[in-house]
There are 2 protein chains.
Amino acid sequence: MSLGNKHEPTQCQLVGDVLARVGDKWTVFVVRLLADRPMRFNELKRAVDGISQRMLTLTLRGLERDGLVTRTVYPTVPPRVDYALTDLGQTLITMLQGLGEWAIANRPTIVAARAAYDARAAE
Amino acid sequence: MSLGNKHEPTQCQLVGDVLARVGDKWTVFVVRLLADRPMRFNELKRAVDGISQRMLTLTLRGLERDGLVTRTVYPTVPPRVDYALTDLGQTLITMLQGLGEWAIANRPTIVAARAAYDARAAE
DNA sequence: CGGTATCCCCAGGGATACTG
DNA sequence: CAGTATCCCTGGGGATACCG
């Protein structure tokens, strides 16, 4: 097996891709909400504090494209669109959960490190 | 305990912070390299393909500020600076490992979903 | 209701030159 | 060697207006 093969990205690149996917400004919030239950567009918009209509659309389109979210249109009047996590999306939640635990466990340490660093820089 | 307390960020925000920290363009590559052993500045620069001097500096400063990396200066001529992961940085590696496994396991699914989505969009 | 389309701004990040 | 300083450009993302 060739490690330099351009068609087989390194693990680093794969991790980078995942982070690029899920590390944008809004994805985590949307995914977190959909973890509980399917939601409609404006319902999400109201729930995700501060998101613009444009960014909600882009975020959902991206998730849909990667197979993490399904978009279901009910051809009623007025139209109704439901967004829901796919099975793949559910597995992503597990990853984020792990990240959340790490964040909670280590935030005090990080905050302290930051304060110490900034104090040194300011002197 | 109050969940709406502004001094206690939601878990979503914490995850978002971690992702913002580690989800930038270069951090994963640098952290991955330092996981093996401490490295010098230009050594890192050569190892991380395509990174600019400026961005390597900024990335390392950020990691140092958050207590994930230590910076050790040896006052020799020419100067020598070693960067190494802290214990906290090591725990981060564990998280990234998990992300990497998820990425490897699910990439085929994601690639397929993307192809399918793009095919629909193009028709 | 659930979007597109358009305009605009600013931070992330590259290239280059200079320094202790 | 290990940076800082400066310039510049792209694209992420907000605000607003319009559409089926």
Measuring from the side chain of [X] (C-beta onward, heavy atoms only), which nucleotide among [options] has the closest atom?
X	options	answer
A:Gln53	D:dG3, C:dG3, D:dG13	C:dG3
A:Asp24	D:dA2, D:dG13, C:dG3	D:dG13
A:Ser52	D:dG14, D:dG3, C:dG2	D:dG14
A:Trp26	D:dT4, D:dG14, C:dG14	D:dG14
B:Thr57	D:dG3, C:dG2, C:dG13	D:dG3
B:Pro78	C:dG3, C:dG2, D:dC1	D:dC1

**Message:** Please confirm whether the shortest side-chain N or O distance from B:Arg61 to OP1 or OP2 of D:dT4 is below 4.0 Å.
**Reply:** yes
**Prompt:** Quick one: is C:dC1 close enough that its OP1 or OP2 comes under 4.0 Å of any side-chain N or O from A:Tyr83?
**Reply:** no
Whole angstrom is fine here: how far is it from [atom1] in [X] over to [atom2] in [N]?
X	N	atom1	atom2	result
A:Leu58	C:dG3	CG	C1'	11 Å
A:Leu56	D:dA15	CG	C1'	16 Å
B:Lys45	D:dC1	NZ	C1'	13 Å

**Closest-nucleotide ordering on DNA chain D, the 5'-leading residue of B:Asn42 and A:Arg54** = B:Asn42
**Fill in**
Students should find that the hydrophobic cluster of A:Val111, defined by side-chain heavy atoms under 4.5 Å apart, otherwise consists of none
**Message:** With a 4.0 Å cut-off on N to O distance, would you call B:Arg120 and B:Asp118 a salt bridge?
**Reply:** no
**Prompt:** Contact class for A:Arg40 vs. all strands (heavy atom < 4.0 Å): base, sugar-phosphate, or nothing?
**Reply:** sugar-phosphate
**B:Arg21 side chain vs B:Gly62 backbone, donor-acceptor pair below 3.5 Å** = yes
